[in-house]
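The block underneath contains the structure these notes are about, expressed in structure tokens.
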Amino acid sequence: QSQELSQVRIDYHGALLALQEHGTRMVCTGKMHTDRICRFDYLCYCTEAEEFVFFHSNASVMLPNLGPRRFQPALLDLSSVEDHNTQYFNFLELPAAALKFMPKPVFVPDVTLILNRFNPDNLMHIFHDDLLPIYYTMQQYSDLDDEARLVFMEGWGEGAHFDLYRLLSSKQPLLKEQLKTFGKLMCFTKSYVGLSKMTTWYQYGFVQPQGPKANILISGNEIRQFASFVMERLNITREEGDDYIVVFKRTTNRLILNEAELLLALAQEFQMRTVTVSLEEQSFDSIIQIISGATMLVSMHGAQMITSMFLPRGAAVVELFPYAINSEQYTPYKTLASLPGMDLQYVAWRNTMEENTVTYPDRPWDQGGIVHLEKEEQERILASKEVSRHLCCRNPEWLFRIYQDTTVDIASFLDILRETLKKPNLKKAKVASTIHPGRVREPKCQTSVQATNEAKLLVSWQIPWNLKYLKVKEVKYEVWIQEQGENTYMPYILPHQNYTFLENIKPFTTYLVWVRCIFNKNLLGPFADVLICKT
Ligand code: UDP
């Protein structure tokens, strides 16, 4: 990987002239700052002022041209976390003529993606907030290829897993701090600013208690494609065959106190080899190698569980929660495992026995200590049996409870596994089809009146066009019938391509009829155009 900015020498004089004549050009996607990504020609960055600069000339373009709305609150989010006020991007404006009085710009010839990492010390945040969004933002813009340059503007150091960011392109990513070493004014020849939020599935609780995002747009397919890319870059191939269980432990806090007993119980119950891994004792690569072939992953709640995306289809994820933590309220890993197409089984176990927990009231506040709090508040926390819903990120009761160590009660642990896990499914899941039916074709209705109070409605249609190319286990049709002017409808699920309705059909009445196809119970097609049927 190259440390210098480029192997290709650029025509410095030409670039400077272009900047002076054309100024900066910006064209963005997105209606709001929260869904915006901008592409720039000649976006500059002043390392002394720590500000991006837009140079105005006769040829510069700024689309959207928001006027002062650009500051309400920002042009765009620089990280994938939505509308976080420490992650906003904006630029200063200058006339291109000011360049004459400024330090000579240093040009970055690479196509650059400029963004903020959100929390590069935490593995969950690294994958969810940075790596997946960067990977799919790069897929969105074809010139963000393997030669693209990543620039991280959040201002942190490399962090614990910088090698993971290096996998995304062949060029060394640059940190904000390093930009200074190149000069006082840097100009990015071509750059994209911002990240796609399409891949994120979790919100961390800044404005409402944490939980799955309201409108998840990613499926297991895209997660698994990304995981395959990472494995390929790490030279890891999934080894199949041997069934084994991985216990992913933490070694500095949130410990499993009876680890040996837990391992033995798992090995006996499932008749499988059981291994432990930890970020402190193994390299990241070797952990992924091990997880990629595992039948079950067992771990205390925590960022290391993001590695469950590397499990094979059909595997089980078992998440352990310390005392007084409601597992339903902290579900980044449950949501991941449950994405359609992830094909993972998920089980949560929660310590309900206070005698099996070890608390650390004397630790610093960020590791869950509470001795800095008022006596009454400490007593309230100690007496509480469950942390109530709360916002991120400094709730002392939450931190106190989530950093407890736990002796896992083997009986209740095995009970919940036996209840929830389908044994035959372990690691043998088939990839379920996700192909949806097309519209049913040539929908028709025929009506007849039998008597003054009796009528018939025959509805028929042809199969969707794509069905003849597919092997579908179960094809059904759904018909909705609504009497015109009423606001309710009757739904019917039907196995054939026509049906004669007699019940609830009145003479001399107009009915609206919708028909759609359904594959395998849950793959719904679109409705065909509404039929207007008069008896
Ligand atoms: N971590 C670890 N071992 C430990 C404690 C933490 O490997 O004993 C890792 C953890 O996986 C995460 C980072 O250190 O990547 C920060 O952990 P923290 O407890 O702050 O976050 P959480 O795991 O609760 O998201």
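This chain uses plain numbering: 1 for the first residue, then up along the sequence. For ligands, and for the atoms within them, numbers begin at 1 and follow the listed sequence.
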Minimum heavy-atom distance between Ser196 and Gln140, given as atom pair plus value: CB-OE1, 4.1 Å

For ligand 1, which atoms sit closer than 4.0 Å to a heavy atom of [X]?
X: Thr251; answer: 4 (C), 8 (O)
X: Gly302; answer: 23 (O)
X: Asn253; answer: 5 (C), 8 (O)
X: Leu123; answer: 15 (O)
X: Tyr403; answer: 18 (P), 19 (O), 20 (O)

Identify the protein heavy atom lying closest to [atom], giving its residue, its atom name and the separation to 0.1 Å.
atom: atom 11 (O) of ligand 1; answer: Gln304 OE1, 3.2 Å
atom: atom 21 (O) of ligand 1; answer: Asn122 ND2, 3.1 Å
atom: atom 3 (N) of ligand 1; answer: Glu280 OE2, 2.6 Å
atom: atom 12 (C) of ligand 1; answer: Ala303 CB, 3.5 Å
atom: atom 17 (O) of ligand 1; answer: Arg250 NH2, 3.9 Å

Can you figure out which of Leu399, Ile306, Thr252 has its heavy atom closest to atom 8 (O) of ligand 1?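 Shortest heavy-atom distance from atom 8 (O) of ligand 1: Thr252.
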
Contact (N/O only, under 3.5 Å) between Leu279 and ligand 1: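 No, since none of the N or O atoms of Leu279 sits under 3.5 Å from an N or O of ligand 1.
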
Go through the steps for Tyr204 and His128 under the test side-chain hydrogen bond (donor to acceptor under 3.5 Å, both in side chains), then give the verdict. CA-CA 11 Å; Tyr204 299 121; His128 178 269; 2.9 Å; yes

Can Asp405 and Arg254 be counted as an ion pair, charged N to O under 4.0 angstrom?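 Here Asp405 does not pair with Arg254 in a salt bridge, since their nearest N and O are not under 4.0 Å apart.
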
Answer yes when Arg233 and Asp146 have at least one side-chain N-carboxylate O distance shorter than 4.0 Å, and no when they do not. yes

Would you say atom 14 (O) of ligand 1 makes contact with the protein, given that contact here means a non-hydrogen protein atom less than 4.0 Å away?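 Protein heavy atom within 4.0 Å of atom 14 (O) of ligand 1: absent.
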
Salt bridge (charged side-chain N to carboxylate O under 4.0 Å, His left out) involving Asp415 - partner list, sequence neighbours excluded: Arg418

Against the six-membered ring of Tyr244, is Arg273 placed for a cation-pi contact (under 6.0 Å from the centre, within 45° of the normal)?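 Yes; both conditions hold, so Arg273 lies above the ring face of Tyr244.
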
Cation-pi between Arg117 and Tyr165: NZ/CZ under 6.0 Å from ring centre and within 45° of the ring axis? yes

Does ligand 1 have any atom that is closer than 4.0 Å to a heavy atom of Leu255? no

Measure the acute angle between the ring planes of Tyr45 and Phe52, then classify it against the limits of 30° and 60° as parallel, tilted or perpendicular.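 Tilted, since the angle between the ring planes falls between 30° and 60°.
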
Interatomic spacing from CG in Leu174 to CG in Leu179 - rounded to 0.5 Å: 6.0 Å

Should the proximity of Arg254 to ligand 1, defined as any heavy atom under 4.0 Å, be assigned to the side chain, the backbone, both, or neither? side chain

Side chain to side chain donor-acceptor pair (under 3.5 Å) partners for Arg224, two or more places apart: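 None.
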
